[in-house]
Amino acid sequence: MSYVKQANALAEETVKIEKPESQLKIMWDALKKNKAALFGLIVIFILVFVALFGDLIAPYNATETNMADAKQGMSAEHWFGTDVHGRDIFSRILSGTKYSLLIGIAAVAFSLIIGTVLGSVAGYFGGKIDAVIMRIMDMMLAIPSILLAITLMAAFGQGLDKAIIAIGVVSIPEFARIVRSSIMSAKENDYVAAAKVLGNSNARIIFRHILPNVVSSIVVRATLGISTAILDIAALGFLGLGVKPPTPEWGTMLGDAKSYILSLPHMIIFPGIVISLAVLAFNLFGDGLRDALDPKSRS
Amino acid sequence: MKKVLCGVVAAMMAVSLMAGCGGSNDSSNKNDSSSQNALSSKNDSSSSSSEKVTSLIYGSGADPRGLDTALVDDNESAKATMQIYECLLKYKDDSTEVEPCLAESWDISEDGLTYTFKLRQGVKFHDGTDFNAEAVKFNVDRQTVNKTDDMPYADFVFGTVSECKVIDDYTVAIVLKQKNTAFLANMAMCFGAPIVSPTACKENGGSLMKNPVGTGPYKFVSWSKDDRVVLEKFEDYWGEKGKCDQIIIKTIPDASAKINALTTGEVDIIDGIDTTMVEQLNADTNVTVDLTDGMNINYMAYNTTRLDKETRVALSQSVNVDELVNSLYDGYASKATTILPTFLPGYSEDVAQVAYDADAAKKTLADKGVTEVKVITYSNDRPYNTATGKTLAEAVIGYFDKVGVKADVSTFDWTTYKDKIIAGDYDICFYGWNGDNGDPDNFLNLLSDDDPSMNVARFNDDKFNEYITTGIATAAGDERNAIYAEAEQYVADEAAWLPISHQQNITACRTNIKGFKYHPTATVYLAKVEKE
Amino acid sequence: MLKYIVKRLLMLIPVLIGVSIIVFVLLRVFAADPASVVLGEHADAAAMESWRDSQGLNDPIIKQYWDFVTGAVQGDFGESYYTQTSVFTEIMSRFPATIELAIAAIIIASVLGIVIGVITAVKKNTIVDNLGMFVSLIGISVPIFWLGVMLQILFGKTLGWLPIQGASDADILFDKVTGSYFLDSLISGDISNFTNVLWHMILPAFTLAFYTMAIVSRMTRSSMLDTLNQDYIRTARAKGLAEGRVIRHHALRNALMPIVTVIGLQFGSLLGGAVLTETVYGWPGMGKYLVECVQKSDFPVVQSAVLLIAVIFVVLNLLVDLLYAFLDPRIKYGRKEA
């Protein structure tokens with residue numbers, strides 16, 4: 001009995017040392033020194049702020065049409081000009097921040113959850129289950145993701161929820177692969193063996209003992225995944241498969257501007273800049289996180 | 001050693017992958033080897049440059065679907081096919097009045113059911129086959145008794161035909177099942193009606209999609225998919241020969257790139273120009289912009305099985321159509337006061353649509369408790385709506401919003417859109433129509449059709465249907481026009497549609513191009529176009 | 001070695017079967033009914049039904065799949081619903097154009113990417129490094145189609161230097177022998193044809209390359225930094241070898257492994273990027289065409305084309321693995337551990 005207790009304490013202790021909190025602190029210390037990553041973080045904070053309060057800051061109503069003011073260039077009243085429905089593009093960009101962020105984060109969350117479950121199961125159990133899951137992931141990777149997303153969007157029609165699912169589905173394999181390889185290396189560790197000896201259930205071992213230790217690499221991947229997701233939704237919007245009008249989502253704004261490249265270039269320039277900036281911010285921050293976790297590149 | 005082997009194998013696989021593409025492509029080219037050779041011989045003669053070959057280059061917005069007029073339904077295909085084929089009759093240059101073409105004259109029997117055509121003699125197809133009564137019969141039979149499912153216009157053009165009889169070598173009689181005043185106009189249409197070479201059709205298993213053979217002023221040379229169709233002058237043409245030696249129809253899907261190609265002089269003529277670009281093009285001294293009235297109607301339809309008349313009227317009242325059309329189409333579309341374009345027989349300026357009155361609309365809609373409508377629309381641009389259905393819908397729901405009605409808008413690509421239309425789960429949808437033959441029936445019967453993919457308002461009204469059945473059987477003239485004017489007012493009062501606009505066809509060409517005209521049927525005839 | 005290749009090629013089969021099933025089911029469950037687009041505006045319900053019958057679309061899905069597979073095995077991929085042309089012809093008249101664009105892009109991306117990566121690694125923490133890394137960051141942050149449009153506006157409209165549309169000028173005519181504009185214009189023997197095609201290729205190839213270039217340069221930089229810290233580099237330097245020689249012969253060669261992986265994997269994703277690039281530049285390739293076919297529910301084309309892309313993807317992965325063995329003598333495939 002005491003032996004078991006001892007082993008249990010040992011297992012707990014090992015886990016404690018690797019606890020995410022302490023990792024976060026190490027990460028933060030490293031991050032603070034990385035100017036680029038800090039810049040990314042600041043931009044992300046601004047984006048989140050605009051996402052929360054964009055409609056209040058915006059000088060005009062982002063969705064109300066005003067046909068009499070349509071197709072105007074840049075001016076003091078309309079900094080970024082107006083679109084074909086007379087809506088202020090600056091206001092639409094502010095108001096649209098929440099949709100682009102929401103889609104990016106929710107799509108990553110979607111693929112992260114499913115990818116983590118599939119990857120954990122495959123990595124932990126190995127053998128036939130692993131082979132089957134990973135072959136299915138291979139198949140999904142072999143189909144160009146944009147075609148998959150287009151098929152899904154074309155069938156369901158536009159909408160926030162549909163865009164999230166379409167983009168989420170196509171990045172499941174990536175997360176599944178990362179989680180699987182992390183799990184495979186983590187499960188060789190002593191504390192997993194100890195937890196097994198103690199008769200912990202498989203699910204408990206995966207979620208309590210293994211996942212917390214690979215969480216950092218998943219977080220990095222997820223941060224970078226948000227930037228990819230924002231690019232993906234922009235691509236769907238550009239192909240005319242974004243969200244429902246009059247929602248001012250950035251990619252959809254690009255899609256609407258497509259026909260007016262020569263006559264109303266401001267319609268496509270500004271949303272594009274904002275998308276690039278948002279993606280850049282998540283990339284910088286993600287890079288910084290990865291460097292912070294990887295002592296080798298820190299030196 | 002192993003290392004070298006690895007390298008060699010990797011290289012071999014790379015090569016075989018490429019060779020696989022190349023090799024297979026060779027075999028695919030074999031099908032068209034004759035046309036490919038023709039292209040190369042043409043090229044040889046031009047590179048020796050003893051004589052200058054004039055090529056007219058037309059920038060088109062999409063690749064043709066195919067080059068067999070019985071099997072396609074898109075105007076992009078017609079841009080190529082109408083230089084290659086001819087019909088029994090043809091339209092005048094700027095109207096849908098018919099005049100002789102492959103038929104020199106025609107008679108209509110007393111009962112209006114038998115059309116007898118006297119055919120032009122000495123006409124040959126590009127493959128040397130004689131054009132005669134048998135050829136006409138082959139073409140009519142092909143789309144009537146021998147019809148297959150994949151002929152989109154067979155029923156429209158020949159649906160009322162009961163039989164085609166050869167009287168002698170150069171006389172045919174086409175017998176109708178019922179009177180059809182639009183039949184002569186149909187005989188000049190760019191789909192279904194063009195006469196193809198029976199020999200070529202039989203040789204190619206009944207499809208001339210890739211290797212068209214007609215009697216027209218230009219013959220087919222080559223088609224490089226998503227890139228260009230090349231035609232060359234047919235030297236043995238029976239009539240006035242084509243002015244340019246060669247016609248190249250270049251596919252340029254992107255609207256901006258198409259305009260760029262014109263201003264840089266890469267192409268000579270373009271069509272389907274966005275209204276926001278007209279001003280810039282007008283400023284370019286090397287380019288002439290040409291505006292012609294379009295034979296089309298761009299409309300919003302209410303699902304009459306879901307919205308009652310009062311709601312429909314109120315929603316129509318809420319939309320400031322004047323402002324919307326001016327702003328969205330920059331003055332290059334006219335507000336529709338009728339379904340029929342103004343130059344069609346049956347048009348009446350006395351017809352009045354529901355007038356704009358936002359206050360009245362707000363009151364009615366509030367009283368009736370209408371707060372939300374389900375709207376579906378298409379994402380593409382269409383000839384009758386260059387601004388895309390999505391943009392139009394967004395503008396309209398902006399007006400709904402102002403009278404307190406929220407709209408749930410779903411946008412679909414055209415294919416899926418038609419599925420959704422058939423499924424019928426919508427209160428409001430956007431649609432339009434480009435006239436086929438210049439007959440008023442071609443427009444107004446849309447509201448009496450049983451097929452919900454045609455009659456998108458699902459309007460089913462006995463009185464209106466009677467107008468339509470009387471109209472089609474009445475001979476052209478004032479009496480017939482009066483029937484259509486009355487029908488227009490009736491359906492305007494019912495508010496089944498909100499007619500929005502008639503779009504102008506905007507084309508532009510280089511200033512050294514003479515004689516180019518865009519036909520109201522959204523087709524082009526290029527034989528008379530000169531390049532200086 | 002050979003055994004390993006054969007084994008890998010055999011593994012293709014289940015992947016292809018899986019891919020074909022996924023695509024087949026996706027199309028039939030989710031895509032719109034093709035009948036209305038094939039038969040056009042005037043088609044009635046009865047004609048559509050009879051057409052669906054004739055195409056076997058009313059058969060049970062298992063039978064449809066079986067018909068497709070048996071056809072495909074015999075090299076018959078069916079006919080495009082929309083153009084009634086054999087799918088093989090349709091795909092092969094566009095595929096070479098996409099491949100040549102992708103190859104041009106991968107060459108640009110690899111050369112520029114490796115050069116930038118090496119320079120930034122060698123000049124670590126200097127202004128050059130920061131600049132190079134900034135360009136790479138822009139590369140992975142800018143939407144590819146937006147970049148394309150901006151380049152069109154800049155080079156086509158404002159400066160007028162480069163063509164912004166298509167693969168060659170409309171009045172340039174030459175035989176289509178291989179289907180590749182690059183090769184065919186060379187075969188035509190007329191140098192002006194060739195330069196015209198090359199000129200048209202610059203913007204789309206660069207646009208397509210930009211993202212991959214950024215990935216390659218980032219990968220090269222970090223891989224170079226790793227190797228530059230290794231003992232044998234120090235030894236080489238200590239031996240008094242010229243710095244340029246150390247970098248080219250010792251460091252780069254050893255840093256190349258992960259770079260090759262990235263380039264190989266990126267080539268597959270370039271085919272996806274080609275969809276957007278081809279749409280922007282009107283390049284007559286497969287990407288744009290495939291999107292149109294998805295939207296037109298042209299099932300036979302979509303299912304065959306996706307299968308083809310899957311084959312390329314898997315074969316490329318294999319090629320990358322083989323290149324590994326070539327570059328790194330320590331790796332030997334075919335043994336149990338590998």
Side-chain angles (χ1 to χ4, degrees), chain B residues 2-3 5-7 9-10 13-14 17 21-22 24-26 28-29 31 36 39-40 42-43 47 55 57 59 65-66 71 73 149-150 152-153 155-156 207 209-210 224-228 230 248 250-254 256-258 260-261 264 266-267 413-416 418-419 422 451 453-454, chain C residues 1 5 32-34 36-45 47 50-51 54 82-85 88-90 92-96 99 152 156-157 160 163-167 169-171 173-179 190 280 282 284 288-289 295-297 312 315 318-319 322-323 325-326 329 332:
Chain B
K2 275 250 168 79
K3 203 163 112 180
L5 185 68
C6 281
V9 171
M13 289 191 61
L17 190 68
C21 309
S24 41
N25 209 54
D26 280 349
S28 77
N29 272 344
N31 304 335
Q36 298 292 343
L39 175 59
S40 71
K42 184 82 209 161
N43 234 8
S47 58
S55 325
I57 305 172
R65 175 177 178 179
L71 301 173
D73 60 348
D149 291 330
D150 49 16
Y153 267 80
D155 281 344
F156 181 85
S207 162
M209 292 294 259
K210 281 181 298 178
S224 164
K225 292 265 169 130
D226 275 337
D227 185 8
R228 75 194 71 187
V230 182
I248 298 170
K250 166 92 175 155
T251 303
I252 308 180
D254 183 68
S256 313
K258 199 162 63 180
N260 202 65
T264 57
E266 190 193 335
V267 303
D413 177 75
W414 191 251
T415 320
T416 320
K418 294 205 76 173
D419 267 13
I422 293 166
D451 182 354
S453 76
M454 302 288 278
Chain C
M1 181 70 214
I5 296 175
D33 177 4
S36 61
V37 72
V38 173
L39 304 186
E41 311 261 333
H42 292 285
D44 57 24
S50 125
W51 179 84
S54 71
Y82 190 64
T83 63
Q84 303 187 347
T85 307
F88 191 82
T89 312
E90 288 284 3
M92 280 312 163
S93 60
R94 295 174 172 92
F95 189 59
I99 288 294
Q152 279 185 328
K157 174 117 193 301
I164 60 169
Q165 207 280 331
D169 270 350
D171 56 350
L173 296 176
F174 48 80
D175 283 7
K176 291 264 251 158
V177 184
T178 61
D190 188 341
V280 171
K288 186 171 67 73
Y289 174 66
Q295 293 179 334
K296 284 184 181 134
S297 296
I312 294 173
V315 171
L318 174 55
L319 278 178
L322 291 180
L323 260 178
F326 184 65
K332 289 205 173 60

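Heavy atoms only: backbone and side chains are in, while hydrogens, waters and symmetry mates are out. Every chain is numbered from 1, with letters handed out A, B, ... down the list of sequences.
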Exercise for the section: Taking R65(B) for its side chain and Y82(C) for its backbone only, find out whether a donor-acceptor pair lies under 3.5 Å. Expected result: yes
Practice task
Name the member of L71(B), V267(B), I252(B) that forms the most heavy-atom pairs with chain C at distances under 4.5 Å.
Solution key: I252(B)
Fill in the blank from the handout: Checked M209(B), K258(B), E266(B) vs chain C; the most non-hydrogen pairs under 4.5 Å come from E266(B)
Fill in the blank from the handout: So NZ of K225(B) and CD of E90(C): to nearest 0.5 Å the spacing works out to 3.0 Å
Exercise for the section: Go through the atoms of T264(B) and report whether side chain, backbone, both or neither lie under 4.5 Å from a heavy atom of chain C. Expected result: neither
Practice task
Please test R228(B) against L173(C) for side-chain contact (heavy atoms from CB on, under 4.5 Å), starting from the C-alpha separation and ending with a verdict.
Solution key: CA-CA 10 Å; R228(B) 75 194 71 187; L173(C) 296 176; 3.8 Å; yes
Handout entry: Selection from T251(B), D254(B), I248(B) maximising heavy-atom pairs under 4.5 Å formed with chain C
Key = I248(B)
Problem - chain B contact via T85(C) - which portion, at a heavy-atom distance below 4.5 Å - result: side chain
Practice task
Please flag which part of I57(B) lies under 4.5 Å from any non-hydrogen atom of chain C: side chain, backbone, both or neither.
Solution key: side chain
Problem - Part of S55(B) within contact of chain C (heavy atom distance under 4.5 Å) - result: neither
Exercise for the section: Please answer whether the main-chain N or O of P284(C) pairs with a side-chain N or O of D226(B) as donor and acceptor at a distance below 3.5 Å. Expected result: no
Handout entry: Close side-chain approach of L39(C) and P152(B), heavy atoms under 4.5 Å
Key = no
Exercise for the section: Heavy-atom distances under 4.5 Å only: say whether D150(B) touches chain C with side chain, backbone, both or neither. Expected result: both
